Amino acid sequence: MKVLVIGGGAREHALCRSLSLDSDVNALYCAPGNAGIAEVAELRPVDQLDGEAVARLATELRADLVVVGPEAPLVAGVADAVRAVGIPVFGPSGEAAQLEGSKAFAKDVMAAAGVPTARSYVCTTPEEVDEALDAFGAPYVVKDDGLAAGKGVVVTDDRAAARAHALGCDRVVIEEFLDGPEVSLFAITDGVTVLPLQPAQDFKRALDGDAGPNTGGMGAYSPLPWADPKLVDEVMASVLQPTVDELRHRGTPFSGLLYAGLAITSRGVRVIEFNARFGDPETQVVLARLRTPLASVLLGSANGTLDTLPPLSWREDAAVTVVIASHNYPETPRTGDPITGLAEVAELDAPYAYVLHAGTRTEGDAVVSAGGRVLSVTATGSDLAEARDRAYKAVARIGLDGSQYRTDIAAKAAEQR
Ligand code: AMP
Ligand code: GLY
């Protein structure tokens with residue numbers, strides 16, 4: 001099978017790594033990719049948001065499957081353009097991707113499907129904003145309605161800051177604060193059949209101890225030793241299947257990856273957000289644990305044949321990933337700094353620890369930073385403590401001037417064993 005992956009972050013590196021290890025895959029391309037992905041796939045330049053260009057590239061490469069990684073091309077309808085030329089695509093239509101592209105649309109789908117989520121108001125005027133803030137009280141949760149790369153959400157006790165963020169958005173969702181640990185649960189679906197993956201936990205805040213601003217995600221681990229073993233079944237029944245069914249009944253069937261961001265509150269599981277694609281960095285740890293070859297599963301979603309596949313198989317191993325981010329991330333990050341230590345990790349830590357590239361590019365012989373999140377250092381082990389040790393040992397070998405990473409990824413969960 002010839003596979004073309006669209007995107008160029010650590011999630012796409014993780015997808016390409018798994019696909020490159022799948023004996024069903026005999027040609028692997030990534031567009032535009034990054035310096036690390038170039039080691040496992042052939043890179044092609046493309047404007048990811050240009051559906052016609054992506055469809056042309058897929059046709060030219062005679063791709064049997066196109067996998068669209070990030071949300072922006074999905075919301076822009078890139079999967080529709082590829083489907084229109086008759087090539088199977090992993091990823092939802094632009095319309096179905098509104099589940100991630102519009103928080104208001106997601107809330108409407110959840111209400112119709114009876115999916116538990118935070119109570120919320122959609123506001124467009126200062127008066128509506130004030131009313132909603134006062135209705136819920138502190139802590140305030142204010143979300144830009146549109147795509148914002150994980151940075152459009154402000155959670156604060158400061159009413160003035162909450163109001164200022166709300167007034168800076170065209171349309172804003174203000175909602176009830178949900179307490180309790182967060183879980184990311186992904187499911188692969190063809191619009192009818194839903195296959196849940198293993199849950200993971202993401203670390204959204206920039207600094208240790210969950211301090212600092214929200215980011216795209218600074219690290220992740222899986223499995224979750226503290227979670228109820230029935231969690232996946234419960235979320236399948238109360239969230240994932242009803243959402244997929246609701247979207248199908250509306251005439252906007254959702255195929256691809258449905259990402260449920262959940263809060264485990266004292267009153268039960270609540271959906272914080274949906275995404276329409278694999279999460280980054282959770283994908284790095286979930287795929288590290290998946291034993292089933294990936295291509296057949298992604299193709300089953302694209303072709304509507306998931307019901308014919310055997311159940312997914314998982315390794316006993318635990319996995320941890322630590323994100324190394326640029327100086328000043330999540331504000332305007334500094335780029336162009338040389339990265340050292342990559343060869344040492346490959347030589348000394350493989351196969352248990354490896355570096356997945358996010359924002360990197362080559363400059364002559366050097367690999368330099370090219371984005372906010374630069375690397376996602378991933379490791380497996382017999383338990384979280386071992387995976388964590390291996391990940392941080394590898395992180396310590398990497399040099400990137402001014403870079404930052406959290407030192408507490410999976411720390412609490414590893415102590416619990
Ligand atoms: P989102 O982009 O909706 O995932 O929000 C980003 C982060 O903000 C989430 O991962 C949570 O940590 C936090 N957050 C979002 N909504 C809520 C909520 N209703 N209650 C508490 N925290 C929230
Ligand atoms: N890790 C959060 C996300 O992918 O949206």
Side-chain angles (χ1 to χ4, degrees), residues 70-72 74-77 92-180 182 184-185 204 213-216 235 238-240 242-254 258-263 265 267-277 279:
E71 61 274 20
L74 290 167
V75 171
S93 68
E95 244 183 291
Q98 283 303 308
L99 199 60
E100 171 165 6
S102 165
K103 304 235 182 237
F105 176 75
K107 284 291 187 186
D108 189 55
V109 170
M110 283 189 265
V115 169
T117 184
R119 288 177 298 127
S120 65
Y121 295 107
V122 180
C123 309
T124 51
T125 67
E127 293 71 33
E128 287 172 359
V129 165
D130 283 323
E131 238 172 85
L133 291 175
D134 292 336
F136 293 124
Y140 303 101
V141 181
V142 180
K143 302 185 171 186
D144 193 336
D145 180 51
L147 283 186
K151 290 169 254 170
V153 177
V154 166
V155 180
T156 177
D157 284 323
D158 180 347
R159 193 181 185 285
R163 186 168 195 273
H165 180 60
L167 298 187
C169 308
D170 284 342
R171 194 152 86 130
V172 72
V173 173
I174 294 180
E175 67 181 33
E176 163 192 28
F177 178 79
L178 300 173
D179 62 356
E182 286 180 40
S184 301
L185 183 61
K204 290 240 166 72
N214 263 316
T215 69
V235 176
S238 65
V239 175
L240 298 168
T243 300
V244 167
D245 292 344
E246 170 64 23
L247 285 162
R248 187 178 65 251
H249 294 144
R250 285 180 182 221
T252 49
F254 185 101
L258 177 58
Y259 167 138
L262 307 163
T265 76
R267 290 176 299 139
V269 172
R270 299 281 183 279
V271 173
I272 292 183
E273 63 164 345
F274 281 129
N275 291 318
R277 38 81 196 169

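Remember, predicted model here, so these are calculated numbers, not experimental data. Hydrogens, waters and symmetry mates play no part in the numbers below; they use all other heavy atoms, side chains included.
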Intermediate values then yes/no, side chain to side chain contact (heavy atoms under 4.5 Å, CB included), D145 and F105: CA-CA 9 Å; D145 180 51; F105 176 75; over 6 Å; no

Using modelled atom types only, decide if a donor and an acceptor are shared between the side chain of [X] and the backbone of [Y] within a distance under 3.5 Å.
X: E246; Y: P242; value: no
X: K107; Y: A118; value: yes
X: T243; Y: V239; value: yes
X: E100; Y: A276; value: yes
X: T117; Y: V271; value: yes
X: H249; Y: D245; value: yes
X: N275; Y: R277; value: no

Verdict with supporting geometry, D144 and V153, side chain to side chain contact (heavy atoms under 4.5 Å, CB included): CA-CA 6 Å; D144 193 336; V153 177; over 6 Å; no

R248 to F254 six-membered ring, cation-pi geometry met (6.0 Å, 45°): no

Intermediate values then yes/no, side chain to side chain contact (heavy atoms under 4.5 Å, CB included), I174 and Y140: CA-CA 8 Å; I174 294 180; Y140 303 101; over 6 Å; no

Sidechain N-carboxylate O distance under 4.0 Å for E175, K143: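 Yes, E175 and K143 are salt-bridged.
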
Salt bridge R163-E131, side-chain N to carboxylate O under 4.0 Å: no

L178: which of T265, V155, V141 passes side chain to side chain contact (heavy atoms under 4.5 Å, CB included):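 The option that passes is T265.
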
Check this for me: [X], atom [atom1], are more than 12 non-hydrogen atoms of other residues, nucleotides or ligands nearer than 6.0 Å?
X: D134; atom1: CG; answer: yes
X: E128; atom1: CD; answer: yes
X: R119; atom1: CZ; answer: no

Nearest-0.5 Å distance that lies between atom [atom1] in [X] and atom [atom2] in [Y]:
X: S184; Y: E273; atom1: OG; atom2: CD; answer: 7.5 Å
X: C123; Y: D170; atom1: SG; atom2: CG; answer: 13.0 Å
X: C169; Y: K103; atom1: SG; atom2: NZ; answer: 11.0 Å
X: F274; Y: L247; atom1: CZ; atom2: CG; answer: 8.5 Å

Worked verdict on L262 versus R270 for side chain to side chain contact (heavy atoms under 4.5 Å, CB included): CA-CA 6 Å; L262 307 163; R270 299 281 183 279; over 6 Å; no

Salt bridge (Lys or Arg N to Asp or Glu O under 4.0 Å) partners of D108, counting only residues at least two apart: R250

